[in-house]
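The structure under discussion appears below in the form of structure tokens.
All heavy atoms count here, side chains included; hydrogens, waters and symmetry mates do not. Within every chain, numbering begins at 1; the chains are lettered A, B, ... in the order of the sequence lines, protein sequences first and strands thereafter.
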Number of protein chains: 2
Amino acid sequence: MPASPDAPGSASLGGTALGSTPRRAPKTENGRRRAGRPVGGVLDKAGITAGALQLIEKKGYDGLTMAALARLLDVAPSALYNHVKSKRDVLLLVEDHLAALVDVSAFGMEPWEEAVRKWARSYRDVFSRHTPLIPVIAVLPVTDAPQTLAMYEAVSAGFRKAGFPEERIVSSIVALESFIFGSAYDVTAPPDIFDPGSMAEATPSFTAAVRSLAEQGHERPADVAFSLGLEALISGLGALRG
Amino acid sequence: MPASPDAPGSASLGGTALGSTPRRAPKTENGRRRAGRPVGGVLDKAGITAGALQLIEKKGYDGLTMAALARLLDVAPSALYNHVKSKRDVLLLVEDHLAALVDVSAFGMEPWEEAVRKWARSYRDVFSRHTPLIPVIAVLPVTDAPQTLAMYEAVSAGFRKAGFPEERIVSSIVALESFIFGSAYDVTAPPDIFDPGSMAEATPSFTAAVRSLAEQGHERPADVAFSLGLEALISGLGALRG
DNA sequence: ACCACTAAATGAATGCTATTCATTTATGAG
DNA sequence: CTCATAAATGAATAGCATTCATTTAGTGGT
């Protein structure tokens, strides 16, 4: 049994179970909660996850503190540590919840190219609103994240069915994932990120290139780069199929 | 003149000028330093950058605190704020220093494909040892980072010379960069990151794919994915050239 | 029906963190 | 000679994750 946030078979994060509202704390007659609580307390992992997500939506990742989370759940901060080992565990719970939102349904229904397109876009869109999780995912053993593992299973099955040689499946997925994570950051970048400012004369080639892209007047420049890279990866990796 | 860490033409981070050791604080007769100091004090941006890098090497990014940095530089923590607006500024100085270490020399000397290969590898290698900077770079306006801007200039000049249409240069670079940043994280991941653990039976396809890759016995699996993705991007993006 | 056990809560305390501010002082400019 | 200022100090602040001794309320066993 893994030490970390979730026992493998547990239903703590069942599918898209965000809908399960966190159980509210039963109050005593005077309205104040009493210390000491029996088996089956107010908190559980699903409630903590839902609370964290709610906090992130309203206040962003800066607003996600153990104290704020405890207050939202109407509980003392220390109570959280009966259910998670650390704040990192909370982030892990959130990450695994989000993984279930990534759309892998096209694998098996549509041609490989189109399935990858839909999966990659969905993956990027979900995590572009949660970039602070990316450093966490990157070194997260999948054992601790059942929904994430489920996503990998669906994707790798799609790759196999498309004719990828067994030993290249994981590497191909990792390559795509790396591109997706990097691209998720781009979405959050300020629009003028490439403005050379006062160094424009010193960097004529780059300045011209930036200007030329700007003149195209794309709504979201990050989307252009994403499409470009994604199509390149799809056709390049697709060539590996037997 | 930009408000942020570096005036454009300043020599505070001249090229690979890490070698310039931070000036030590002159001590008074009794060995204690006195409060109050005139124009041209102990600290400057180059010294802060060098100190931060030294700290990162020895203690990692967790060890990089304003207090530790001040102690290393033999100065009170508050003194740093005369030269830097925030800790983020320190990270920015470090980032820009590292950008100068990325090898762009192949652009103009070698064919485009090979130049991109060398640049991308170098870029990934440098930042795989500094992944905590990646979230910083991602939203960093280049105006504040002259060395980073210099790198972009060299790369975009290489792309133009290779025949890329003006308006696709930036997007192509961004796509490659996204992949590079994501891949930098992979390098730091634990070797058993994809071990499905107790969920192995539930994820047969992924488990088989992971096992098959493991049997190949590659030293660093992250390198395989990086090469795969990089070659795909090079051939895919290369097709854009006119 | 009792009793012991234990999961799950409390709240106070700890040690870090970045950052701010009033104060001091050495220096170079006029 | 004076004086404005850059650049230092150190004390104070607010917020952070985390730990710990303590309390309590149910549950299973006898």
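- Following rounding to the nearest Å, A:R71 (CZ) and C:dA9 (P) show an atom-to-atom distance of 18 Å.
- Using a 4.0 Å cut-off, some side-chain N or O of A:H83 falls inside it from OP1 or OP2 of C:dA9.
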Report all side-chain donor-acceptor pairs from residues 126-139 of chain A shorter than 3.5 Å, counting only partners two or more places apart or in another chain.
| residue | atom | partner | partner atom | Å |
| --- | --- | --- | --- | --- |
| A:S128 | OG | A:R124 | O | 3.3 |
| A:S128 | OG | A:D125 | O | 2.9 |
| A:R129 | NH2 | A:D125 | O | 3.2 |
| A:H130 | ND1 | A:Y61 | OH | 2.7 |

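- Distance, A:D62 CG to C:dT17 P: 19 Å, rounded to whole Å.
- Residues satisfying the side-chain contact (heavy atoms from CB on, under 4.5 Å) test with B:I193, not counting sequence neighbours, are B:A189, B:P190.
- The list of salt bridge (Lys or Arg N to Asp or Glu O under 4.0 Å) pairs with a residue in residues 175-200 of chain B, not counting sequence neighbours, is empty.
- Rounded to whole angstrom, the span from the NZ atom of A:K59 across to the P atom of D:dG15 amounts to 13 Å.
- For the pair A:N82 CG and D:dT24 P, the interatomic distance rounds to 16 Å; values are reported in whole Å.
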Hey, what are the protein-to-nucleotides 18-21 of chain C N/O distances that come in under 3.5 Å?
| residue | atom | partner | partner atom | Å |
| --- | --- | --- | --- | --- |
| C:dA18 | OP1 | B:M66 | N | 3.2 |
| C:dA18 | OP1 | B:K87 | NZ | 3.2 |
| C:dA18 | OP2 | B:M66 | N | 3.1 |
| C:dT19 | OP2 | B:Y81 | OH | 2.8 |
| C:dT19 | OP2 | B:K87 | N | 2.8 |
| C:dT19 | O5' | B:Y81 | OH | 3.4 |

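- Taking the ring-ring contact (aromatic ring centres under 6.0 Å, His included) definition, one finds that A:F179 meets it with A:F226, sequence neighbours left out.
- In this structure, A:L73 places its CG atom 15 Å from C1' of C:dT10, rounding to the nearest Å.
- A donor-acceptor pair under 3.5 Å is absent between the side-chain atoms of B:T148 and the main chain of B:V142, judged by distance alone.
- With sequence neighbours excluded, the residues forming a side-chain contact (heavy atoms from CB on, under 4.5 Å) with A:V210 are A:F194, A:F206, B:V170, listed by chain and number.
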